[in-house]
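Here's the structure, in structure tokens; my notes come after.
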Amino acid sequence: MSEKPLTIPFLIDPALPTTSPVPGLPISPSHIASWITPSTNEAGPSRRIALACPDNSVWIDTTPISSRTPKDQLLSPNLPSITTQAASSPTSPLLGSPRRPHNRPTNSRNLSYTGSGITGRHRNSSSASSIYSTASGTGKRRTSAFSPPPSALQLPTTTLSSISASAAAPDKHTHRNSISDHNDLRESLEKHKESKNDNSSSIIGLGIGGIGRRGLTGLHGRDENIQNNTNNDRSGATSPKSIISNSTDGTTTTTTGRFGFFGRNSLSTENESDKEQEKEKIKEFQVDLEMEKESREDQKELEDMKLIENAIERSSTPTITQGDQPLSRTETVNSRMGCIRRIILKDAGKGKIVQLKVFQDLDTLAILRDEGILDLFSLTTLKHLVTVNPEVPEEAKGSGTGSSSKSALRIPLFWQWKNVQLARKDDTCILIAHGLPWPCELPSPNGEVTRVVMISPLSSDNGMEIVARLDLPGEGDVGVCNYLNSCYLLHSTSTSFMSYPINFPSQPPSKNPTPIMKASPQIRAVSSAVPSNYARSSTPDPAHVRTRELSREQPSLRKSASYTHLKESASTPLLEHSKEEKEKEKGFAKFLARRDWVSKKAKEEDKPEELSPGIGEGKEVERDGGGGWTNILVHENGEAVGWKDDAVDIFWIDGKQMQMRGTITLPAKGQVRQVLFTHGWKSVNVFVQKQLDVFSLRKNNKDRASNLQFEKTVTINDVTSIAINSEDETVTMVTKQDIKELDLSRRPSEAQQILQLKQAAQKNDIAHIAATSVESVYVTDPRGNVSSRQFGDLLVNNANCSTNNDDPTVDRLDARVTTLTIIIDNSTEYLVAGDEDGAVRIWTTSSFKLCGSFTLFADPVKDIALLDMTEAGPLRGCLLVISNDGTVGIISLKEMDDLFLIPASRTPLRRVFIEQKDILLAYANGKARVWNTQTQEFRRSTGLDAAEDMLQVGDWAEVLFGQNTIGSVFSSLSISQSETNETGRLLNFNLRELSRWLHSSKNNPNHSPLTALRNLLSVFLTFGIDHIIDRICTDNLGIHKSQVPLVIGQSDSGVSQFSYYEGADVWRISSKMTGLRQLAVVTLLRPFLDSPDHERWAAEVIAHYTASLPLTAIEPDLRFFAEYYMDSSTDIHQAARMLFAARVGRMDSKDIETIMEVGHHDLPNKLPTSDKYCDTAVNALTMLGGIALHKFETMQSNVLKSIAESIAIFLQSNSFSLLSLAIELCSKGFATWQSYIDPSELLRRLFYLSTNKEFSSSSNSGYGGTTSIAAQSRLAVLHVASLNPALFMSTLSMDILDAKSVENRTSIMKLCVFISRKKPNLLENGLPKIAEAIVKSLDPNIGKMRDDVWQAATVILNELVLAFSTIDFHSGTQRLAVGTHEGAVIMYDLKTASRLYVIEPHKHPVSAVTLSPDGRRLITVSLEEGNVTVWKVGSSLSGFFNVGAPPRQGGEKGEPFKRIEFIRADDGPLNSTSALSDIQISWPGNRQARVLIKETALTFET
């Protein structure tokens, strides 16, 4: 699963719409579209007006019809005042007036402040301070945005067979009451408390010394270097000793002592595996580092969420007031429903908009550019659906995804695209775009044809695909006739009027009546439609057509052309049989008729062929007049108009024949630009030059079928564009000064002004912005100055800027800069500026030193690109610069010299390719020229087809323009800017790159990132909503409101969309914008939590933006936060999880039930095998799994079971991204999932992932970052072991003995080593089981198993001896002693892998055992019992006669050789791990022992 981009665009100091007396826009639009969108709220429907501008941006006014009055205050400077009220609590100077609990649908919270201010909160380093912990004192659990409601349902429990369980601490991530739900499994089990001081230092990254017993790797003998021991040796510094021990002088002494298994030469084996062990050590070290990092991040996440929860409990939603009266939610929404939105199209520097088309039935707004880029948007939500390029070449036959990169170097024919229309048949819809050859003085290589491209929604509803590419003879206009159940493509040229039946692509039945065009930027090219002479069978049978035509009463028509008759083929529809032929046979004939005598192959041949998408046989339309039109317009009911410069013809057509209904003769005013008409031709609007003439149907002949008469009723001058809305019969027009609306249903009617158009005042001294880092930027002004500034300077009033004058800054040439970009070549960063005089200037960004200035062109500079590809050859590292007229210049950055110029052509330059010494230039007129860089002249001029053949042969690369700087926090649009274009002040803020910058800045102690974060927060915070939060931001965090206007937008597939709201209204743009702004604010504020001076204030602000948004705010969609739940950036995914938890906390059971109904069927366990790992399944599991972590009690059991099964499915995947998600959910929700699936299998899979080599290293995850699955799995194992120790120990011991392979057994042993180092208390209760399992794995009767695992067993036993005082080993005798909690000590013989005997020295748990240096004495200690025992364990003659029993001690049977009572100085209660640090045993001699129990010391003879 690929990681979604997280880029937030924002405009600095844009020209804002005006509000009084009539709303106004600072634009000069070239095209207009209008439609009515129904609304479900009280505001009613809204008339939306889309205005296309020359800079390829579209402004959309969404004001409701009822609000189109001067009272509609868009961006009113007088916002409603916002106050906060509260319940009874003292008032502080900082907090102001008390706050009142809000009425948002959320859980009740304690909203009162304590004390006279915001009390400081010290960070708790223990995970016990989780936000999910229960409240103390009252016994009632607190309810907040991060915790479920008090009424939690109990989960069903299952009985675990053959395992034991013990009480464990609650899971701080998931279950709140899960322990009580499983008490029936644990009543008979012994309970042990976790260490009270079990903090992070005892879990992760703790050395052996932190445990209390220290040694080196290997097993320990007591017969070496005894003389070097001192009284403090048992402190862990030198005892117990290993095979490799430290000598007195500090040198290392190696002996031949070993963990001897029947003469195995362990020394030679170790030498052979040294390299492999070193590699494993390195990997283990890397995994440990990853674990420490993950643990620190998890701990910080818990601490931060605890702080935020405390702040949320004191926060409230502000009440918006108008004067002294509070406004209700409905009143607030209705008061400000108007909104201006602006859309900046993808690749805004390519082409210009030629068509705005509204398809109401498809809920689609189509925006077509002349270079063939078609953008589709939703009419209701204005969401970008898809971008289609009709010029995308057809995929070569046989080429697949694995084809050579040469397939990308293809040059299709270029067209000047004119229009896009809709064709429909039944429930199938396709879009038809057409274009003409690019105008040129010379004949076009494309020929005199009209290009038609058919675009259909994909059957999977995830985008659009081109299904046909057609060339119609003759250049002309295209129309679509959707009449009854037939659909025809009409083509009007100066000499003909052709009709082609449309073949629609076959699609599976859909529940929706119209196709849904979802956002998918991928365009799948398919084979083009069969040419018309091969598709004749698709045209309806003329006999049927004539029969149907004659059945209708139509006036006699003048035939201007006859039908082109079709040849019969297999795909031609068969004629109907007569009734006699259809009668069933009787008798034997009937029997024969029922037998399947025809083979399957013959049946398949008889089946009609499936028609390819495209068109059928063309015919000349039968007509009684007209023709030769330059443009036509056809409505779905057959009503149509065609026009030339001198007349407009009114006619009716059904796709095969037409009838003239009237003609409007026009005076010789100029070219007719557009003609629009209403239903029944009641009103025909003719747009000639800059004048709109409205012709209305005369009443006296309104009902006549032909010879309609019209009269001119309205004339409006200075019109630049028109649009008509047939629903309410209104025409909307663009004039020089305003947008007007004319009601065509009324006569007479006068155009009403609805919007003003005003040129933006040239008050801004910033024309372009190019950012080099988060803190520094370069800007240009309208006079051509280039200067360096801090990013924060852009947010202050320009009047304070030092460059606000006419003095040149650096080599100013008194020319406006048209393009500004940053180029990185060989780690050197350059700033390159091109101006309208054709000059190019280059600086180094590090020192802002001018490197060169070159005047290359007579026209403005359009594009600049760096030739950094290897195919550039000697030109690699040079700049390629293009002017507006297509002249190309080459500048060498190394020599800082202009090398040569390539002259322009008569038509626009569309694409550039380079290969070593040749540059290929493709032009819009279908020609290509090859420039030789050595001879500096054109060596070839050819067509695009021959140029494409050249690209497939040589080593070519395409030069791409407008590419943003990769890996930077800020990026800008590198396109040519006009004088009035303000997109040069647009910055794209990459939140994920900022997170990487924050982590890199932590390594620099002399640099604080908080200054840069304050500037960014000035952009995203909304001041004026809560005066308390404003004061905290200003006084305590140093964040000030921006002095210049800012508009924040959202980016989707390269399309930027801005909503011109301000104040509290920015939170009601859309659910996605609310979530995006919340995510940015929380991510930017999180670093302040690390500062003790800012921690509590940052928590207050985060709490406000997390759970206390205004009443008018649109709640964010939970799916949005789920998309970033596993983000590669730590700051982002922690912020997303915090907001996810807060959003879940505000949801009631109905909301969760709705989400479950939608997402349950998309879980992996509900999908077929091929779809189990798709993005839909990942999103469903993330969202439902995340809800279950916080509110499992509100979810149905079948959903929880599906989630658990889906987690198990993802755990079996080899994808790092899926594994990371599954491990995260499995770890934090294990207490829930264990009730629905086999928990042992989940744990075993975690064991495997923790120790398998292929998961040990950090690899690239599907979410865009790197992750170590082994580290994440080990933390999950630790968490599960803490949650259910019995299950953990049972699974662990069983897997050691019953492992499926040696590799698995070794992996389990390595896991034991890991746990003994990191969290030994988890193994303490099950230590006897583990020891016995390890001993049995060394059974000499199974020689191969012993040989395979002996090395791993050596390591794990060594680690257990180091970590636990209740286990000890003597290398000379190969004896292993293990103490139990029942007071017994088990003695094993590792030579035979058997249990020798069991002694019972105590009635309470054994706290420590140790063997004497000669291996003949055993000392046991029990702190609870308060005594020390000494046992004789050496070999004796009595052992031969008393097999299975310990040697005789000289006293009563079962009694030790000696028992020494003691009293501890500290008689307080002991925890389960006190022996690890409280007991130290040393051996001054073979028969003299010293036991130190804290301050109590015992020295005795043994």
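Note that the structure is predicted; figures quoted are calculated from it, not measured. Numbers here are sequence positions counted from 1.
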For residues 867-883, which side-chain donor-acceptor pairs fall under 3.5 Å, sequence neighbours excluded?
residue : atom : partner : partner atom : Å
R876    : NE   : D868    : O            : 3.3
R876    : NH2  : D868    : O            : 3.4
S883    : OG   : D885    : OD1          : 2.3
S883    : OG   : T887    : N            : 3.2

To check you understand the geometry: which heavy-atom pair defines the closest contact between S721 and S30, and what is its length? CB-O, 3.5 Å
Can the positive tip of R369 be found less than 6.0 Å from the middle of the six-membered ring of W417, inside 45° of the ring normal? no
Return the OG to NE2 distance between S972 and H768, rounded to the nearest 0.5 Å. 9.0 Å
Under a 3.5 Å threshold, yes or no: a donor from one side chain and an acceptor from the other, between H999 and D1131? yes
If you compare all heavy atoms of A767 against all heavy atoms of P782, which two are closest, and at what distance to 0.1 Å? CB-N, 4.2 Å
Answer yes or no: is there a side-chain heavy-atom contact under 4.5 Å between Y830 and T845? no
Take L1016 and L994 through the side chain to side chain contact (heavy atoms under 4.5 Å, CB included) test and state the conclusion after the steps. CA-CA 10 Å; L1016 290 170; L994 175 76; 3.9 Å; yes
Not counting sequence neighbours, which residues clear side chain to side chain contact (heavy atoms under 4.5 Å, CB included) with Q737? List them please. none
Could you tell me whether the side chains of S968 and S971 share a donor-acceptor contact shorter than 3.5 Å? no
Rounded at 0.5 Å granularity, tell me how far CZ in R789 sits from OG in S776. 13.0 Å
Return yes if a side-chain donor-acceptor contact under 3.5 Å exists between W931 and Q936, otherwise no. no
So which atom in L820 and which in A833 form the shortest heavy-atom distance, rounded to 0.1 Å? CD1-CB, 3.6 Å
Check whether the ring centres of F1058 and W59 lie less than 6.0 Å apart, and answer yes or no. no
What are the two closest heavy atoms between V1044 and I12, and how far apart are they? CG2-CG2, 4.3 Å
Between V1082 and L1085, is there a side-chain heavy-atom distance shorter than 4.5 Å? no
Quick one: list whatever passes ring-ring contact (aromatic ring centres under 6.0 Å, His included) with F414, sequence neighbours left out. none
Can you spot which of I1069, I8, L1021, V1066 makes a side-chain contact (heavy atoms from CB on, under 4.5 Å) with R1077? V1066
Check whether any side-chain heavy atom of Y778 lies under 4.5 Å from a side-chain heavy atom of W843, and answer yes or no. no
What's the separation between atom CG in L893 and atom SG in C851, rounded to the nearest 0.5 Å? 8.5 Å
Looking at NZ of K350 and CG of N389, how far apart are the two atoms once the value is rounded to the nearest 0.5 Å? 8.0 Å
Between the NZ atom in K383 and the CG atom in D1052, the distance rounded to the nearest 0.5 Å is 6.5 Å
Picking from L986, V58, V1055, what satisfies side-chain contact (heavy atoms from CB on, under 4.5 Å) with I344? L986
Go through the steps for I823 and T821 under the test side chain to side chain contact (heavy atoms under 4.5 Å, CB included), then give the verdict. CA-CA 7 Å; I823 300 294; T821 185; 4.3 Å; yes
Side chains of D825 and T828: any donor to acceptor distance under 3.5 Å? no
Hey, are Y923 and R929 close enough side-chain-wise for a donor-acceptor pair under 3.5 Å? yes
Heavy-atom pair of closest approach, residues G886 and A904: C-CB, 3.7 Å
Once the angle between the rings of F989 and F10 is folded into 0 to 90°, is it parallel (under 30°), tilted (30 to 60°) or perpendicular (over 60°)? perpendicular
Separation between CG of L755 and CG of D738, rounded to the nearest 0.5 Å: 9.0 Å
If we only count heavy atoms from C-beta on, is the D835 to R816 side-chain gap below 4.5 Å? no
Could you go step by step and tell me if R342 and E982 meet the salt bridge (charged side-chain N to carboxylate O under 4.0 Å, His left out) rule? CA-CA 12 Å; R342 183 182 184 184; E982 61 184 18; 2.6 Å; yes
Evaluate salt bridge (charged side-chain N to carboxylate O under 4.0 Å, His left out) for R910 paired with E371, printing each intermediate quantity in order. CA-CA 9 Å; R910 295 291 294 271; E371 290 191 5; 3.8 Å; yes
Applying ring-ring contact (aromatic ring centres under 6.0 Å, His included) to F857 and not counting sequence neighbours gives none
Given L901 and V888, is the side chain to side chain contact (heavy atoms under 4.5 Å, CB included) satisfied, shown in steps? CA-CA 6 Å; L901 293 178; V888 178; over 6 Å; no
Would you say Q1057 and L382 make side-chain contact, with heavy atoms under 4.5 Å? yes
Under the criterion salt bridge (charged side-chain N to carboxylate O under 4.0 Å, His left out), I'd like the reasoning laid out for D765 against R783: C-alpha separation, chi angles, the key distance, then a yes or no. CA-CA 9 Å; D765 285 326; R783 295 168 296 278; 3.6 Å; yes
Side chains of I891 and I842: does their closest heavy-atom pair fall under 4.5 Å? yes
Side-chain donor-acceptor contact under 3.5 Å, T387 with D375: yes
Provide the closest heavy-atom pair for P9 versus N988 in the form atom of the first, atom of the second, distance. CB-OD1, 3.2 Å
The single option from T819, V817, T818 passing side-chain contact (heavy atoms from CB on, under 4.5 Å) against P860: T818
Using the rule given for side chain to side chain contact (heavy atoms under 4.5 Å, CB included), can you reason through E829 versus T772, listing the C-alpha separation, both sets of side-chain angles and the distance that settles it, and then say yes or no? CA-CA 9 Å; E829 195 173 65; T772 58; 3.7 Å; yes
Counterpart residues, side chain to side chain contact (heavy atoms under 4.5 Å, CB included), relative to K894 (two or more places apart): S892
Side-chain heavy-atom pair F377, I343 within 4.5 angstrom cut-off: yes
Side chain to side chain donor-acceptor pair (under 3.5 Å) involving S57 - partner list, sequence neighbours excluded: D55
Given side chains that start at C-beta, do those of P17 and I340 come closer than 4.5 Å, heavy atoms only? yes
